[in-house]
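First the structure, in the form of structure tokens, and then the observations on it.
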Protein chains: 2
Amino acid sequence: MSANSRLTIAAHALAWIGLYQGQGHEVATSEQIATSANTNPVVIRRLLGELRRAGLVESRRGVGAGWSLARELESMTLLDVYEAVEPGPLFAMHRTTPDQGCVVGHGIQPAMQSIYEGIEDTVRHELARVTLENVLRDVLAAPR
Amino acid sequence: MSANSRLTIAAHALAWIGLYQGQGHEVATSEQIATSANTNPVVIRRLLGELRRAGLVESRRGVGAGWSLARELESMTLLDVYEAVEPGPLFAMHRTTPDQGCVVGHGIQPAMQSIYEGIEDTVRHELARVTLENVLRDVLAAPR
DNA sequence: GGCAGTCGTAACAGTGAAGGTTGCAACCGG
DNA sequence: CCGGTTGCAACCTTCACTGTTACGACTGCC
């Protein structure tokens with residue numbers, strides 16, 4: 001499926017900011033996060049911009065500018081992040097409308113839609129069970 | 001995420017062949033299926049080729065050639081189809097290795113990997129609960 | 001007020017997966 | 001031998017995302 005790394009990078013950024021703030025710093029810069037994630041600061045700013053629209057982080061401009069958490073990590077779940085950065089559905093329908101004159105072509109989309117919705121609900125439920133605090137704890141628990 | 005329609009198209013093709021064979025026909029051609037799915041016959045042949053490698057369908061060449069089911073629809077699940085046509089994982093890691101000198105960069109991949117594996121197991125379980133016979137029944141039950 | 005550092009965002013090239021298309025060899029029943 | 005279909009390679013197009021550059025906007029500090 002060649003899935004996106006957007007959710008992974010967003011979780012990375014949030015864990016990084018959370019850890020950094022836990023060490024007493026006020027704000028984190030996109031430059032610092034990009035170095036840790038081994039990517040470009042603009043990519044981080046774009047992603048964090050989406051998280052800001054979702055109310056997960058805040059940004060400050062000017063001198064001493066940077067990013068900070070808008071809520072505690074333990075009150076954020078991966079579902080919040082997922083919904084902020086992944087707009088589309090997990091599974092897609094046909095690119096072009098199937099032949100509505102054919103019984104299968106006509107009935108396949110509602111049939112698959114209903115199955116896919118059930119699966120997406122399950123995935124959302126799983127994502128909602130993991131807080132970013134859980135993620136950060138797992139990160140710090142990784143063997144050296 | 002801009003997901004693939006591969007699973008959808010593969011299920012469409014299988015349901016079509018199953019219905020067609022249930023009407024007494026021997027084999028279905030990629031041309032017929034492509035017309036129903038409103039796509040190109042080569043796309044269908046590529047997909048069915050993957051399903052053949054997975055043992056779900058068979059093909060015959062020469063005159064009167066075409067595709068037939070290798071098993072009953074009720075013995076195939078969407079998981080069988082999914083594994084045949086979707087090689088990659090649902091969620092991806094970073095494209096480039098994160099900074100291993102950073103605590104977060106070092107621990108983020110094992111942490112996310114473990115979470116993602118749990119979710120994929122759940123998705124697989126959900127897909128395994130739906131047979132292609134279920135899909136065909138839902139297709140035929142769609143309002144006119 | 002000016003400077004320096006960072007965000008905000010637009011614009012564009014590069015990448016990779018998937019779909020769409022064409023062409024043709026291989027196969028085989030009649 | 002013919003006609004219809006699969007098998008498969010080659011190529012183009014499309015699309016989303018990433019990576020990069022550029023530059024204006026903002027603001028604490030001097």
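In what follows, every heavy atom counts, from backbone to side chain, and hydrogens, waters and symmetry copies are set aside. From a predicted model like this one, the values you see are computed outputs, not experimental measurements. Every chain is numbered from 1, with letters handed out A, B, ... down the list of sequences.
Among C:dG19, D:dA22, D:dT6, the nucleotide with an atom closest to any side-chain atom of A:R95 is C:dG19. The nucleotide whose nearest atom lies closest to any side-chain atom of A:R52 is, among C:dG20, D:dT18, C:dG8, C:dG8. Counting only heavy atoms from C-beta on, A:R46 has its side chain closest to D:dG19 among C:dT9, D:dC17, D:dG19. When each of C:dG23, C:dG8, C:dG20 is scored by its nearest atom to the side-chain atoms of A:R45, the top-ranked nucleotide is C:dG8. For A:A65, counting side-chain heavy atoms from C-beta on, the closest listed nucleotide (C:dC7, C:dA18, D:dG19) is C:dC7. Comparing C:dG19, D:dC8, C:dC7 against the side chain of B:R6 picks out C:dG19 as the nearest.
Within 3.5 Å, a donor on the side chain of A:R61 pairs with an acceptor on the base of C:dC7, or the reverse.
For C:dG5, neither phosphate oxygen OP1 nor OP2 lies less than 4.0 angstrom from any side-chain nitrogen or oxygen of A:T29. In this model, the phosphate group of C:dT6 is not approached by any side-chain N or O of A:S30 to a distance below 4.0 Å at OP1 or OP2. Put simply, A:S59 has a side-chain N or O that comes within less than 4.0 Å of OP1 or OP2 on C:dG8. Of the side-chain N and O atoms in B:N40, one or more sit less than 4.0 angstrom from OP1 or OP2 of C:dT21.
In this structure, the CD atom of A:Q32 is 14 Å from the P atom of C:dG5, given to the nearest Å. Rounding to whole angstrom units, CD1 of residue A:I44 and C1' of D:dC17 are separated by 14 Å. Atom CG in B:L7 sits roughly 17 Å away from atom C1' in C:dA17 (whole-Å rounding). One interatomic measurement links the two molecules: CD of B:E31 to C1' of D:dG7, which rounds to 16 Å at whole-angstrom precision. As a whole-Å value, the separation of B:L47 CG from C:dG20 P is 10 Å. A:I33 places its CD1 atom 17 Å from the C1' atom of D:dG19, with the value rounded to the nearest Å. In this entry the distance linking CH2 of B:W67 with P of D:dT6 reads 7 Å, nearest Å.
A:T77 and A:Y82 share no side-chain donor-acceptor pair at under 3.5 Å. Side chains of B:S59 and B:R52: a donor-acceptor N/O pair is present below 3.5 angstrom, by distance only.
The residue A:G64 sits apart from the nucleic acid: no heavy atom pair falls under 4.0 Å.
In B:Q23, the CD atom is crowded: over 12 heavy atoms of neighbouring residues, nucleotides or ligands sit closer than 6.0 Å. More than 12 non-hydrogen atoms from other residues, nucleotides or ligands lie less than 6.0 angstrom from CZ of A:R71. B:E72 CD: 12 or fewer foreign heavy atoms inside a 6.0 Å radius.
Summary of the strand contacts: B:V43 and A:G66 both lie near DNA chain C, and taking for each the nucleotide with the nearest heavy atom, the more 5' one is attributed to A:G66. When each of A:V63 and A:P41 is assigned the nucleotide of DNA chain D with its nearest heavy atom, A:P41 is the one assigned upstream, toward the 5' end.
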